[in-house]
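These notes are about the structure you will find just below.
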Amino acid sequence: MMTPMPAWRMVPREQPAVKALAAVPLVTIGLTILCSVILFTALGSSPSVVLYNFFVDPFTSAYNIGELLIKASPLILIAQGLAIGFRARIWNIGAEGQLTIGAIAASLIPITWSRSESALILPAMILLGATAGLAWAGIAAFFRTRYNANEIIVTLMLNQIAFQLLYYLVTGPLRDPMGFNFPQSAPFPDAALYPPLFSGAGVRANLSVLITILVSLAAWILVSKSFSSFRLLVGGIAPNAARYAGFSGSRAIWISLLVGGAAAGLAGVGEIAGPIGKLQRILSPGYGFAAIIVAFLGGLHPLGIVMAGLFMAVIYIGSDSAMLAADIPTSAPVVFQGFILVFYLAAHVFVRYEFRRGSSLAPGRRT
Amino acid sequence: MDAFVFVFGGAFMTATPLLLAALGELTVEKSGVLNLSVEGMMALAAAIAFMATYNTGSHLLGFAAGAVSAMILSVVFATLVLFFMANQVAAGLATGILGLGLSALLARSYEAFTLAPLSKLDVPLLSDIPILGPILFHQDLVVYLTIGIGVGLIAFFYRTRAGLILRVVGENPHIAHSLGFSVMKIRFRAILFGGFMAGLAGAYASTVLTPVWSQGMIVGRGWIAVALVVFGTWRPLRVMMGAYFFGAALLGELAVQSGGIAISSQLMTCMPYVLTIIVLAVVSRDAVRIKLNAPVSLGENYRPIG
Amino acid sequence: MIDPAKPRNDAVGDAERTCSPALLEMIGITKCYPAVVANDGIDLQVRPGEIHAILGENGAGKSTLMKLIFGVATPDGGEIRWKGQPVSMENPATARSLGIGMVFQHFSLFETVSITENISLTVPGTLQDLSGRIRRMSEEFGLPINPDALVHNLSVGERQRVEIIRCLLQEPELLILDEPTSVLPLPYVRQLFATLRRLAERGIAILYISHKLEEIREICHRATILRQGRVRGTVDPARTSASELARMMIGREIPHARHKRASRSGRVHLRVADLSYNDPDPHSVDLKQISFEVRAGEVFGIAGVSGNGQFALARLLSGEETLPAEESGRIVLFDKPIGSMGAEDRRARGLAFVPEERIGRGAVPDLSLSQNVLLTGHRKGMVRRGFIRRRQRDRFAERCIDEMDVRCAGHRAPATSLSGGNLQKFIVGRELLLEPTTFVVSQPTWGIDVGAAALVRQRLVDLRDAGNAIVVISEELEELFEISDRMAVMYEGRMSVPVATTSVRPEQVGQMMIGHFDAAAPRQTA
């Protein structure tokens, strides 16, 4: 008599399910590990070796933990900046390019004053790097607000342009004249490097970790309490309501892109003034893209981003050691990242929808 | 004159992967779905097609394998967007990253391997016409097929019932559902077709256009294809013209260098990206035209209620 | 405005209609949604050749019932019979194949394709063949349209004709019309009724969904009244008084706003002078030389069928859309040009606005009520040095809930969890708490229940009586006659000369709504 009901159906929740919200990252990580183990086993690696190298080895020595912090730091820094835009549905995919430009700009100081020991060098680099990243992202903001050009495509194209600019500079004007034609600049003086946090312990973690912690705290306070952040949020989830309220759409685009660009530029300074210590052809193992995943996995929340950034750093460190121990290829982290984001988006459905048996609304419930 | 023939004849080849991917993306967007994983799908297909062609010696098998791999990836995207109701931008990025990662992972031992080129077909008589002959009628089979697909899509969109249904689903999925059309099914097929086309595009790029494997060989061409759909304001004919324009621009670099003009190669490599930004700005600034042509529901998820 | 005493022109006699077996029968139909039971054990019988009204106010379950008949949704319980046989309406295609056609309140037409292409989606045949059939059908039933026209160029009346022709081409035995007159100017209503009578004479059954009592009394043979998802009775509407129908429909008398005559002597609050505007949305009409002024202590009504430029006008008044700086003086608030000012600045100068879309524009669906007061209320001490003061914000939200009698689970409830009427009360309340001196309201009672509508209207009148200026943009002519002191009509982007409400009759305004602006021209000048 009745149409047969589908066994399950999706019903939107009135309010996001808090329990599901907490479970999403765990489910995501679980599924990612499962799929990756299957994939790498299929490629001929022993699953136990892979798992050990990925998830135990990074914590086995003080040096490794230091490395973890050094890798997590740029990821978290960039993701905090990107998350501000993502909440407003403004998609800055160009953090990698903004990081590159920030690093290039900051490197001009130690390359120009290569023997300086001034204490002003590092602050100047930080300022210049962040400003340059901000300006590079500002190009996309300009094209979006002035010409309505999609910021995803513009920021991506700006990435490619930034890479070519870096390539040109390290093979030409900024190349180390004493460097046997290697495409890199002269090494920076000590005054242009972030001081290590634990001097003498052989751990490379440096001041940039503290900067990241400070930025994350500031992001947390601003996101949870400031009116500006509320404006951006409304612009993202209900653009017509933002317009009705009188919140400027182009202001939201500018803020989102500029903050994201500054954070990426700062992360770029952290790389050249940290583990790398010079300008070279490749500055980042894809931090700008990985940070997109960190931002989502962290639920676009400043504290979640810190956790997600640490997790992503584990993957980077783990894949380094797995590469040596189990012949896991260098491209493994990117596959991991893809899995994480795919599973995260799939799992997130449970936050917004509940699944009900179709028959639960049977005639018996008539009131 | 040789440079002229080189640029305009070669433009058809460099344009072919852009056009294949753009026509696929156009179809997906017409149904109201924004799939930003084109770059990743092309990269995966390029790797799989290269490996298949290298091991079997058959370009046909290479194209088939590439197309299937990209379609599998497009199913992942479709699942996220259609079933899990994920944000389309985020889902496109996720699938794209997965594709890029798998591409690098699977073909890692093929770095710098090369393939035999695909032979060119001369159209009898016509290819003997001076200048125009070598430009238009001395191309490989895929170049001709791609033009055929473009023409076929125009006929599909504007002359068939199925094409009409696809367009109206993109305009208003709610009404389409209320008239009894399955929005999910139609969008799923469109996404699958988009995957198929991105697969052909990737396969062409790695096995015909530059038959040497290097990781990251797609370098932004998937994104240019996405931009091409905007450039063409969602009209297939304009998308085709835009693709050939970009094909010529991509080749300009080689022509300028062969002409002995000294310009930094990095600067020339940047040209297509700079051009993309500028053309995008010029086309997008006309908000009315964008609004008239863009599928109304583009980027919005739809879930039937009931 | 419609003469109930006018005799019905029946070809199918009463006896035949009452004795013939039911075409459609519904027995104990139930449909639940997460928050409500929309239909609760509905019984209904429709016979061939009868025009059967489903009467009920917004939210009574009329639309849900129609969706179940037409297969857009599936019932959770009960049985549907077609010509005596149990059927399951799995989707609209099943319903259509049985011989059921439906004209939705919101038309199911695609804007970017032609009339013929739209119709070809549900009616078999080549485009050429269909185009000819559409032309013949449109002549036969007095429904003039051009089959090759693109839908986005059509008026509402024309769109409705397309919908009806689409149904008729499938030779239905049952035609469902959902609130068919809600979008029609009065003269078109007469044409529609003539067409409906002709259809009924041919034995087609018509389900006529409406909340307009007089219309139902004029054209329907039987009426089934719904309230809160249940059937409250089936009557012969011609033999039932309007007030009795109203009581069955809402359970009590229809409340009216208490009113004292306005004294139109106050200062000019808002003046619009020669405002023209090219709408960037190509599907919308442009505004042409609109002028009016609103004084302290009056309600100015703007009538007209939706889609004649009201949307753009409201956005220009609210500041959601701004004019270039050199044209700023086209909109003047207290002698100050505001045309190029943003919405926040206008609000700071005492202009508040309630949009017609509640969800997504007047309120953010996923945010709580207290977060939603921040949208426009943040100036009322809720933000200090860029940081949100939650106590002030929550107190404001609670006051708004109290004063407007908003039924909700407290200020933390998300906006989506409220019914349309309660959300509208909340939004109106929030804007009133900003203490505006000039208040622009668009479609204040669209789709909300009678009680909430009455409260909203009363608050508008109260605000006027306190010496403020009010602009009400509304499709509901009765509403404008009830609360406005002067009114003007919009048609194709132009506005008529404003007239005093007491000096015009609804029929005249109806004529103005189809472009005859001289229908209410002041007589002394003639």
Side-chain angles (χ1 to χ4, degrees), chain A residues 9-12 39-40 43 86 89 91 93 139-140 142-144 146-150 152-154 156-161 163-169 171-172 286 289-290 292-293 296 328-350 352-353, chain B residues 34 36 39-40 76-77 79-81 83-87 89-109 215 219-220 223-224 226-227 230 264-270 272-287 290 303 305-306:
Chain A
R9 57 182 187 179
M10 279 161 75
V11 182
L39 181 68
F40 292 122
L43 290 174
F86 290 173
R89 300 277 200 278
W91 307 101
I93 313 298
I139 299 174
F142 171 77
F143 275 98
R144 169 73 197 271
R146 183 85 167 69
Y147 298 112
N148 189 32
N150 182 301
I152 299 176
I153 294 173
V154 174
L156 266 155
M157 297 295 135
L158 287 173
N159 279 348
Q160 299 294 339
I161 296 169
F163 300 154
Q164 293 302 325
L165 179 66
L166 174 66
Y167 187 29
Y168 167 73
L169 290 174
T171 53
F289 296 108
I292 296 171
I293 290 133
F296 275 107
I328 292 293
T330 43
S331 45
V334 185
V335 178
F336 260 112
Q337 290 162 12
F339 277 134
I340 291 174
L341 197 46
V342 166
F343 289 130
Y344 175 81
L345 292 171
H348 204 265
V349 76
F350 295 98
R352 290 166 300 139
Y353 296 93
Chain B
L34 182 65
L36 293 181
E39 176 94 359
V76 173
F77 172 78
T79 312
L80 286 179
V81 162
F83 183 70
F84 288 113
M85 306 297 292
N87 177 295
V89 172
L93 293 175
T95 327
I97 291 171
L98 189 59
L100 287 172
L102 288 174
S103 166
L105 180 71
L106 297 175
R108 66 191 187 283
S109 53
Q215 187 198 322
V219 281
W223 290 101
I224 294 181
V226 173
V230 183
S264 145
S265 80
Q266 285 87 32
L267 186 66
M268 287 312 298
T269 312
C270 280
Y273 309 121
V274 174
L275 201 62
T276 304
I277 295 177
I278 293 171
V279 179
L280 186 67
V282 169
V283 174
S284 303
R285 67 187 302 190
D286 188 351
I290 294 285
R303 197 178 57 90
I305 341 157

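Chain identifiers are assigned alphabetically (A, B, ...) following the order of the sequence lines, protein sequences preceding nucleic acid strands; residue numbering begins at 1 within each chain.
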* Which answer fits A:L165, side chain, backbone, both or neither, if we ask what part of it has an atom under 4.5 Å from a heavy atom of chain B? -> neither
* Asked: Where is the tightest heavy-atom contact between B:G220 and A:Q160, given as atom of each residue plus distance?
  -> N-NE2, 4.4 Å
* Asked: If you look at every heavy atom in B:V89 and A:I152, which pair is closest and at what distance?
  -> CG1-CD1, 3.9 Å
* To do: State the CG-CD1 distance between B:L93 and A:I292, to the nearest 0.5 angstrom.
  => 5.5 Å
* Asked: With a 4.5 Å limit on heavy-atom distance, are the side chains of A:V154 and B:T276 in contact?
  -> no
* Asked: Tell me, side chain or backbone of B:F77 under 4.5 Å from chain A's heavy atoms, or both, or neither?
  -> neither
* Asked: In Å, rounded to the nearest 0.5 Å, how long is the span from SG of B:C270 to CG of A:L158?
  -> 10.0 Å
* Return the minimal non-hydrogen interatomic distance between A:L341 and B:A94, and the atom names on each side. => CG-CB, 3.4 Å
* To do: Pick one of side chain, backbone, both or neither for A:R144, based on which atoms fall under 4.5 Å of a heavy atom in chain B.
  => neither
* Asked: Going from CG on B:L100 to CD on A:Q337, what distance comes out if it is rounded to the nearest 0.5 angstrom?
  -> 10.5 Å
* Structure fact -> Minimal heavy-atom distance between B:A90 and A:F296, with the atoms involved, is CB-CZ, 3.7 Å
* Under a 4.5 Å heavy-atom cut-off, does chain B meet the side chain of A:L345, its backbone, both or neither? -> both
* To do: Using a 4.5 Å cut-off on heavy atoms from C-beta on, say whether the side chain of A:R89 contacts that of B:N87.
  => yes
* Structure fact -> Distance col, row A:Y344:OH vs B:F84:CZ, nearest 0.5 angstrom, shows 14.0 Å
* To do: Against chain B, label A:I340 side chain, backbone, both or neither, depending on which of its atoms sit under 4.5 Å from a heavy atom there.
  => neither
* Is it the side chain or the backbone of B:L80 that comes within 4.5 Å of chain A heavy atoms, both, or neither? -> side chain
* Determine the minimum heavy-atom distance between B:T95 and A:V342, stating which atoms define it. => N-CG2, 4.3 Å
* **Any B:I97 side-chain heavy atom under 4.5 Å of A:V334 side chain** => yes
* Asked: chain A heavy atoms under 4.5 Å from B:L36: which part of the residue, side chain, backbone, both or neither?
  -> side chain
* Asked: With a 4.5 Å heavy-atom cut-off, do A:F143 and B:I277 have their side chains touching?
  -> yes
* Asked: Side chain, backbone, both or neither: which part of B:V274 has a non-hydrogen atom closer than 4.5 Å to chain A?
  -> both
* At their closest point, which heavy atom of A:F339 faces which heavy atom of B:L98, and how far apart are they? -> N-CD1, 3.7 Å
* To do: With a 4.5 angstrom heavy-atom cut-off, could you sort out which part of A:I139 is near chain B: side chain, backbone, both or neither?
  => neither
* **From B:M85 atom CE to A:H348 atom NE2, the distance as rounded to the nearest 0.5 Å** => 13.5 Å
* From CA spacing to verdict: side-chain contact (heavy atoms from CB on, under 4.5 Å), B:I224, A:M157 -> CA-CA 9 Å; B:I224 294 181; A:M157 297 295 135; 3.8 Å; yes
* For A:F40, is it the side chain, the backbone, both or neither that has a heavy atom under 4.5 Å from a heavy atom of chain B? -> side chain
* To do: Enter the distance from B:W223:CH2 to A:L156:CG here, rounded to the nearest 0.5 Å.
  => 5.0 Å
